[in-house]
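Every number for a ligand or one of its atoms is a count from 1 in the order of the listing.
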Amino acid sequence: MSYEPIIKGNVKEFSVKPNLLNYEEARESFSWDDIYKELDGLEGGGLNIAYEAIDRHAKTSLREKVALYWEGKDGNSEQYTFRDLYILTNRFANVLQSLGIKKGDRVFTYTDRTPEIFVAILGTLKAGAVVGPLFSAFGPDAVKDRLQDSGARVLITTPGLVTTVHEIAGELPALEKIIIVNRRKTSYELSENEVSYERLMESASEEFEIVKTEKEDKAIMHYTSGTTGKPKGAVHVHQAVMGHYATAKYVLDLHPDDIYFCTADPGWVTGTSYGIFGPWSNGISQVVYEGGFSASHWYSVIEKYQVTVWYTAPTAIRMLMKAGEKVIGKYNLKSLRYMCSVGEPLNPEAVVWSVEAFGLPFHDNWWQTETGCIQIANYPLQDIRPGSMGRPFPGVTAAILDEDCKHELPPGEEGNLALKSGWPSMFRIYWNKKELYDSKFINGWYITGDRARKDEDGYFWFVGRADDVINTAGHLVGPFEVESALIEHPAVAEAGVIGIPDKLAMEVIKAFISLKDGYEVSDELVMEIKRFARKKLHAVACPKEIEILDSLPKTRSGKIMRRLLKARELGLSEGDTSTLED
Ligand code: PRX
């Protein structure tokens, strides 16, 4: 654990509770009930995330404030006020009702980062349905697993992406309708179960009475990877908005005049919790850039929109470091006043670099798909210890537990990072996987699956994952998913997948395979298997490297020993090999 150098937080007076100038005081004075009182709630009772994000502002003087500045990747741009989004999301909720969608039904999105995805997600919530956003780079298997498991009735997608859905259409019995968003007006002929977004929206009423949802009604599900099995759907309820709202305000330090820029895609939880619900429940204007990572595009977005608060991820920050300071010099980035990072360990060098490059540090924070909102953070008014994730959010209790997850460990000792269960945005179920969900809770603690340490002053330091899950460029990838895709190739007999260290992406995926009889080792075969995997999986989950072995190390019960593959690859001690097959 290194404490030096300590970087001063950028102190700015923030007169509302909790006063994070005094962390202990903030913890004492914080109450989720107070946060709840800052929300509006539905008329006549109930709570709905979309109402808190859009409608309540559309009824006040904020109605003409720009909620969304959208910057297309082709240089085109659009703006939507809170009132515009109010009308569009009402229309979309009407569209869903006209298709027979009822409270609790699952509606999934699989689109590019265009304004329609925001309309669809919020409109679905207004209709009382459960929304499941999918990342646009997912391949057919990834889409199929999620739609099948959730039993989604409606999918919103585009002419470009629907071809992926056509490949798996026969295997999705619950899917009744596909809504095609064709913003670029490409020539596309709708098939039998497909309807046009533009046409339905045009004729839909702009009045809609939000379907009454309660605090504990299901609202949104994001699929996340574990060590074994297929990805599981972590489901959040409407009161999760309390967590989005409070943490966007106090951790991302959003103030009424801010222009906020979150680089995450709504296909992942950061892109919904902090790319939709957090900023908009606070009535903040935000910028969305359609394209992926690009140092020059990101800087030009910051300059053009005078971005003040920026939330991004360590791999991106490391790529910005690589792109260098010369490119920064071409833009005026003086509007920036506060920057945060999440998703992977933020190396101390990146924090120090950001101070040199932008005059501001990145504030690291920690959370998970399951936690729904930020749990541990470096705060705006406080000093940063580069390399540390910071301290628990007021209203959240975190601890380091021993191997059995029964006792708290003293400062300095490595153990299991756990959270006292009960914060509002905690996931309520893994869809259809009750046993797995229950197994994550021990003695009232939610066991996060991360290993960490706490120092004497209560700052948390990330150590690694407790399981085999790989974190590549901030995306969790379950080795089992990749192995399952690989063994579907006719040449592959068995596969074992691990993460290996990488300077930029933290980890990249390496696969070890053995071949079935009759197949010869060749570079062409490796290339073909890589292409095969890319078609089945999404880009981030594809192995960067595939190595062919005669056979893979297995336990006597036949389980591939990923731990051993990793130890051998990295030249580490092989540890206990007593269960290894002879
Ligand atoms: O291992 C931790 C890592 O990312 C995991 C959560 O990933 P996901 O569910 O995809 O959530 C993404 C939204 C944050 C964690 O279990 N992680 C997240 N933040 C950090 C981190 N590792 C180190 N430092 C962080 N700040």
Side-chain angles (χ1 to χ4, degrees), residues 1 133-135 220-227 231-236 240 243-244 247-248 251-252 262-278 311-318 339-348 350-351 361-379 384-393 396 398 414 416-419 425-427 430 440 446-454 459-478 481 499 505-507 538 540-541:
M1 263 186 270
L134 300 180
F135 187 41
I220 181 160
M221 61 197 296
H222 280 283
Y223 277 79
T224 181
S225 298
T227 300
K232 54 243 185 234
V235 179
H236 296 279
H244 308 143
T247 49
V251 181
L252 302 184
C262 171
T263 58
D265 189 280
W268 305 104
V269 72
T270 308
T272 54
S273 292
Y274 296 104
I276 304 180
F277 311 136
Y311 195 22
T312 190
T315 293
I317 298 169
R318 289 188 287 269
M339 313 193 303
C340 293
S341 161
V342 74
E344 318 150 52
L346 181 63
N347 37 322
V351 181
F362 274 104
H363 293 67
D364 187 20
N365 53 65
W366 177 97
W367 58 292
Q368 301 179 308
T369 304
E370 286 86 342
T371 71
C373 78
I374 296 167
Q375 303 290 296
I376 297 177
N378 288 283
Y379 301 96
I384 291 174
R385 292 185 174 168
S388 159
M389 313 188 283
R391 288 182 284 182
F393 185 69
V396 167
E414 179 192 320
N416 294 304
L417 176 59
L419 305 164
S425 68
M426 187 178 95
F427 71 136
Y430 283 129
K440 302 278 174 186
Y446 161 63
I447 313 301
T448 67
D450 280 358
R451 307 276 297 166
R453 280 191 210 102
K454 182 168 107 167
Y459 282 75
F460 283 74
W461 300 73
F462 181 81
V463 175
R465 293 282 309 185
D467 53 23
D468 291 339
V469 172
I470 301 160
N471 189 332
T472 178
H475 297 305
L476 298 190
V477 175
E481 289 167 72
M506 191 172 101
E507 284 186 297
H538 54 98
V540 285

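- Looking at ligand 1, you won't find any N or O of L346 less than 3.5 Å from one of its N or O atoms.
- With hydrogens left out, the protein atom closest to atom 6 (C) of ligand 1 is W367 O, 3.6 Å, a heavy atom.
- With respect to atom 15 (C) of ligand 1, the closest heavy atom belonging to the protein is D450 OD2, 3.3 Å.
- With hydrogens and angles left out, the side-chain atoms of N347 and R318 include a donor and acceptor closer than 3.5 Å.
- Under 4.0 angstrom from ligand 1, the non-hydrogen atoms of V269 all belong to its side chain.
- No hydrogens or angles considered: nothing links the side chains of Y446 and Q375 as a donor-acceptor pair under 3.5 Å.
- Heavy atoms of D364 come nearer than 4.0 angstrom to ligand 1 in at least one pair.
- Regarding atom 20 (C) of ligand 1, its nearest protein heavy-atom neighbour is W366 CD1, 3.4 Å.
- Both tests hold for K232 against Y430: distance to the six-membered ring centre under 6.0 Å, angle to the ring axis within 45°.
- When each atom of ligand 1 is checked for a heavy atom of N365 under 4.0 Å away, the hits are 19 (N), 25 (C), 26 (N).
- In this structure, the ring of F135 has its center less than 6.0 angstrom from the ring center of W268.
- Every N/O-N/O distance between E370 and ligand 1 stays at or above 3.5 Å.
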Quick one: do W367 and Y274 satisfy ring pair (Phe, Tyr, Trp, His ring centres under 6.0 Å)? Show the steps, please. CA-CA 12 Å; W367 58 292; Y274 296 104; 5.2 Å; yes
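- Remark: minimum distance from atom 13 (C) of ligand 1 to any protein heavy atom is reached at T270 OG1, 3.4 Å.
- At least one N or O atom of T369, backbone or side chain, sits closer than 3.5 Å to an N or O atom of ligand 1.
- Here the side chains of I470 and L476 are not in contact, with every heavy-atom distance at 4.5 Å or above.
- For ligand 1, the atoms closer than 4.0 angstrom to any heavy atom of N471 are 3 (C), 4 (O).
- Ligand 1 places these atoms under 4.0 Å from at least one heavy atom of M389: 24 (N).
- The salt bridge (Lys or Arg N to Asp or Glu O under 4.0 Å) pairs that include a residue from residues 466-475 are R465-D467, D468-R562, where partners are two or more places apart or lie in different chains.
- With respect to atom 25 (C) of ligand 1, the closest heavy atom belonging to the protein is E344 O, 3.3 Å.
- Under the salt bridge (Lys or Arg N to Asp or Glu O under 4.0 Å) criterion, E507 pairs with K566, not counting sequence neighbours.
- When each atom of ligand 1 is checked for a heavy atom of P345 under 4.0 Å away, the hits are 22 (N), 23 (C), 24 (N).
- The shortest N or O to N or O distance between S341 and ligand 1 is not below 3.5 Å.
- Summary of contacts: the protein heavy atom closest to atom 19 (N) of ligand 1 is G343 N, 3.2 Å.
- With a 4.0 Å cut-off on non-hydrogen atoms, F462 touches ligand 1 through its side chain and not its backbone.
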